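What follows is a set of notes on a single structure, which appears directly below.
Here, residue 1 is the first one in the sequence, and each next residue gets the next number. This one's a predicted model, so the numbers in the text were calculated from it and none came from an experiment.
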Amino acid sequence: MTTNPSAALPASLQNNPLLNFGRGIAAYAEVRPEHIAPAIQLLLKHAQTAVDLAVNPNTSPTWDHLAEPLEDATESLGRSWSVISHLNSVADSPELRIAYGEMLPEVTAFFSSLGQNLALYQKFKALCNSPEFNLLNRAQKKVIENSLRDFRLGGAELSEADKPRFAQIQDEQAQLGKAFSDHVLDATDRFVHLITKMGELAGLPEDVVAAAADTASQKNLKGWAFTLHFPSYYPVLQYSENRELRRLMYEAYVTRASELAPKYADGNIDWDNTQNMLDQLRLRDEEARMLGFANYAALSLAPKMASTVDEVDLFLTNFAEKSKPFAQRDWDELNAFAKQELGITDGLQAWDVPFASERLKQARYAFSENELKQYFPLPKVLDGLFGVIQTLFGVKIESANLPTWHVDVQSFAVSDAKGKILAYFYLDPYARSGKRGGAWMDDARGRRELPNGEVQVPVAYLVCNFAPPVKVDGVLRQPTITHDDVITLFHESGHGLHHLLTQVGALGVSGINGVEWDAVELPSQFMENFCWEWEVLEKMTAHVDTGKPLPRELFDKILAAKNFQNGLMTLRQIVMSLTDWRLHSCFDAALAQGQAILDLSRKLAVEFNVIPQPDISRWINTFSHIFAGGYAAGYYSYKWAEVLSADAYSAFEEAAKLTGSVLDPVTGGRYRQEILEVGGSRPAAESFKAFRGREPSIDALLRHGGLH
C-alpha cells in the first residue's frame, strides 16, 4: 500500500473518512458505522498483499524491502482501526458497537496470521543474520529483535495442525475482551437513582447536587439523578450523610456486570461477566501451554523486565507484608474514629469507609476535599501542567485546531524552542454516557522517519472522566477537579510525554511502543510527584469564586495528609495485583466453575487485606484492566514501575537541594534524553541506569509513601 492510503482508492471509497486522511488526522465526527466495514476490508486486503510480497522468494530480506513496506501496510490498517476503537471507547452507540464487533474478528485474524507466518518469520531471521543487520541503527535492530520474539510468541513455530486453534484462541479472546468491556459500560450506564426530596442530599457539595440536577434534566426526570459514573457515584460515598443512600449506591456499584446486578443495580443478567472471565482465563492458559510456557504469567514475562513468576510473586508478597502493619493502623484508627465521632457503633461497613475517611481527614488536617477542589479549575490546572512540562523539557504547548469527536475535546500542539512542531495531543476531559470510565492515554499516531526523509510527528489521546461543568444559579461554573483528579491528569500526561517526545524513527520502538509493560508506568507515575510541590501548586491554583491561589497553610495541610491511609491504599493495589498474578500463575482455569475467580479474590483479601470484603461485592467482574485493558498478568507493573518512578524523581529532589527548585531544566533535559526520547529502542533497565547512574532502589518509594 502506498504511504497515502487514499491514492489508490476506488471512487466509491474516496469520501470514506477512515481512508482519505493519509498520514494526517481522521475527521472523527464524520465517521459513521457504515464506513467501517468497507474501509477495514480494503485495508486488510492491502495489508495482506504487502505480506504476500514480503514472503515472496524474490523479496530480499533487508530493512528497505522487508521491514519498511510491511510497516507501511500494517500502520495504515492499525491507524484506521485505532480511530474506530477510540470512538468505540469515547462515543459508543449501538450502531457503532455492532459495526466494530463485525470487523473485530477479521482484524484479529489478520494480526494473528501475521504472528504465525513461518515464511515471514524466516525472512526476519535471515535479515537478523545478514551483514546488513550490523549496519542498522539501534532502533531498527531492536524492531527486528522484538519482531523475532513476537513471532515466537505469536505461534510462528507451532505446527500447521496447531495454528488454526491458536488463531481461534486469539479471536475468542478479542471477542470476550470486547464483551467484558461492553457489559461494564452498559451496567454503568443503566443504573440511575432519582432523589426527589432535598433532605436526602444532606452533606453533598453544591456542585455535586447541581450535576445531579443536570443529569435528571437530561433524562427528563424531576429531582436529582445519581449514576454509577465515578464523578456522580463517588462523591455520594464520600460526602453523603444519608447512610442508606451510600449503601444503595455502593451495592449497585460493586455488583455491576454480575449475577447480582438485576437485584442491586437494575442490571441485565446477560451482562454478567462471571463466565466471560473463566473463558478468558482458560484461553490464556491454553495459549501459554501451546507456546511451551507453564502458565500465562510466565508467557506474559517474555517481553517484560521481571524475569520469573516467582520473582513477581515474591515482590508483591514482600510489599504486602511491609504495607500490612501500616494498613492495619489506618483501619484501626478509622474504626475508632467512626465509633467515637460519627456514632457508627454497629461496625464500619464498606459504604461507610470513604465517608468516614473524609471526615477523619477533615478532623485531623482541618480541610475537606471539596474545599480543596475549589482551587483547581481545570483551565488553571492545565496551565500549570503545561508550565511544568515546558520548564522541564524545553518545549512549548499551544492550542491546535484538530478534528475532534465531541464538542468538549481540546487539541494542542507541542513544539521545540525554535517553533518546530514535535507532536500533537487531544484532551477529552469529562465523563458522559457512552464513554468508557477511567482515564487513559492512547496512541493516535506514532513518530516515524519516512523513506522520503520526512518525520511523521506523533499524536496522542489523553482521556479522563472528570465531572463536567455545571450551572449554579443559572450560571455556567468553571469545571473544578479534585486533587486526585489533578494527579490523574499528570499521570496520563506522563504517558503522553513518553509517546510525544520520542526521537526514535522506527515505529515499532518509538514512544511507548516496545517498552516493557512493567516499565511503561515509569513516566506516568513520575509526573504525579509534581502534584505535591508548593512551587507547582502555587502557580496552578485559583479559587473558582475569588481567583486567589491556594493558601500556603492549606497546601501544608494537604502535604501533611499526603500519606493519609496510604497503608490501606497500597495494600489494596497489591491485593489487586496479587489477584491478577495468581489467576494467571496458579489458578486451574480448566477445572474452575461458577464463582471460583471470586473465591480466589476473597481468599487473597482475607490473607493480605485488612478491610473485610462484603459478601455481595463482585468487584472482580469489572476489573477491566486485566479482562479488557491489556494488563492481564501485568497489574503488578504499577507497583513495579513505582519503584522506578520514585527513584527517578529523587534525582529532581537532589537537584532542588542545589538549585532550589525541582523544576530543574538540566535534570529534566537528562530525563527527557535518557527516558522519554529513547522510547522502546533499548531495555528500560538500561534507560533507567543511564539516567540515574545506578540500579533502582526501593528506598525513595518507601520514603515518599511513609512506609518506612
Would you call the rings of [X] and [Y] parallel, tilted or perpendicular if under 30° counts as parallel and over 60° as perpendicular?
X	Y	result
Y426	W405	tilted
H625	F623	tilted
W640	Y636	perpendicular

Is there a side-chain contact between [X] and [Y] in this structure, where contact means two heavy atoms from C-beta onward sitting under 4.5 Å apart?
X	Y	value
F315	S577	no
I40	L18	no
P38	L13	yes
D442	V463	no
V309	F293	no
L507	S510	yes
W63	I144	yes
S80	F21	yes

With distance as the sole criterion, is a donor-acceptor pair present between the side chains of [X] and [Y] under 3.5 Å?
X	Y	result
E287	Q173	yes
H65	T59	no
E75	Q456	yes
S524	E521	yes

Test log, rule side chain to side chain contact (heavy atoms under 4.5 Å, CB included), inputs L450 and R23: CA-CA 11 Å; L450 303 172; R23 293 205 172 275; 3.6 Å; yes
Working note: L19 + L43, criterion side chain to side chain contact (heavy atoms under 4.5 Å, CB included); need CA distance, chi angles, decisive distance, verdict. CA-CA 8 Å; L19 292 171; L43 292 167; 3.7 Å; yes
How about Y631 and W517: are their ring centroids closer than 6.0 Å?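 Ring centroids of Y631 and W517 are less than 6.0 Å from each other.
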H495 and H499 aromatic centres sub-6.0 Å: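 So the answer is no for these two rings.
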Does anything in residues 87-117 form a ring pair (Phe, Tyr, Trp, His ring centres under 6.0 Å)? List the pairs, not counting sequence neighbours.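 Listed once each, the pairs are W81-Y100.
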According to ring pair (Phe, Tyr, Trp, His ring centres under 6.0 Å), does anything in residues 147-166 pair up with another residue at least two apart or in another chain? List the pairs.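 Those involving residues 147-166 are Y121-F151, F124-F151.
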Between E160 and K163, is a salt bridge (charged side-chain N to carboxylate O under 4.0 Å, His left out) present by the stated rule, with each step listed? CA-CA 5 Å; E160 292 305 311; K163 283 183 178 178; 3.1 Å; yes
Do the side chains of [X] and [Y] get close enough for a salt bridge, i.e. N-O under 4.0 angstrom?
X	Y	value
E145	K142	no
R289	D285	yes
E71	R448	yes
R436	D92	no

Would D272 and T274 count as a side chain to side chain donor-acceptor pair (under 3.5 Å) here? Give the steps. CA-CA 6 Å; D272 179 8; T274 304; 2.7 Å; yes
Looking at every heavy atom in both R682 and S687, which two are closest together, and how far apart are they?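 R682 and S687 have their closest heavy atoms at NE-OG, 2.8 Å.
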W440 and S89: which non-hydrogen atoms are nearest, and at how many Å?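 For W440 versus S89, the nearest heavy atoms are CZ2-CB, 3.8 Å.
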Tell me, please, which residues at least two apart from Y296 pass ring-ring contact (aromatic ring centres under 6.0 Å, His included).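 Partners of Y296 under the ring-ring contact (aromatic ring centres under 6.0 Å, His included) test: H584.
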By ring-ring contact (aromatic ring centres under 6.0 Å, His included) - contacts of F688 (at least two apart):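 Expected list: none.
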Would you give the length of the straight line joining atom [atom1] of [X] to atom [atom2] of [Y], rounded to the nearest 0.5 angstrom?
X	Y	atom1	atom2	result
Q168	S112	CD	OG	10.5 Å
N117	Q122	CG	CD	10.0 Å
S585	D580	OG	CG	9.0 Å
L281	L600	CG	CG	9.5 Å
R618	Q595	CZ	CD	5.0 Å
M576	S601	CE	OG	10.5 Å

Between M103 and E106, is the side chain to side chain contact (heavy atoms under 4.5 Å, CB included) condition met? List the steps. CA-CA 5 Å; M103 293 313 299; E106 294 193 39; 3.7 Å; yes
Decide yes or no on salt bridge (charged side-chain N to carboxylate O under 4.0 Å, His left out) for R256 and D189, but give the supporting numbers first. CA-CA 10 Å; R256 289 174 301 157; D189 279 347; over 6 Å; no
Can you establish whether the number of heavy atoms outside N15 located under 6.0 Å from its atom CG is more than 12?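 For N15, atom CG is not crowded (no more than 12 foreign heavy atoms under 6.0 Å).
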Evaluation steps, salt bridge (charged side-chain N to carboxylate O under 4.0 Å, His left out), between D279 and R282: CA-CA 5 Å; D279 291 343; R282 286 171 186 152; 3.5 Å; yes
Qualifying residues under salt bridge (Lys or Arg N to Asp or Glu O under 4.0 Å), relative to D428, sequence neighbours excluded: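 Checked D428 against salt bridge (Lys or Arg N to Asp or Glu O under 4.0 Å); matches are R432, K435.
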How far apart are the C-alpha atoms of M441 and F425, what are their side-chain angles, what is the distance that settles it, and do they pass the side chain to side chain contact (heavy atoms under 4.5 Å, CB included) test? CA-CA 10 Å; M441 189 287 294; F425 67 93; over 6 Å; no
Return a table of donor-acceptor pairs under 3.5 angstrom between the side chains of residues 177-184 and protein atoms on other chains or two or more places apart.
residue: K178; atom: NZ; partner: D182; partner atom: OD2; Å: 2.7
residue: H183; atom: ND1; partner: A179; partner atom: O; Å: 3.3
residue: H183; atom: ND1; partner: N273; partner atom: OD1; Å: 2.8

Using the salt bridge (charged side-chain N to carboxylate O under 4.0 Å, His left out) rule, take R190 and D186 through it: C-alpha gap first, then chi angles, then the decisive distance, then the call. CA-CA 6 Å; R190 167 68 73 89; D186 288 340; over 6 Å; no
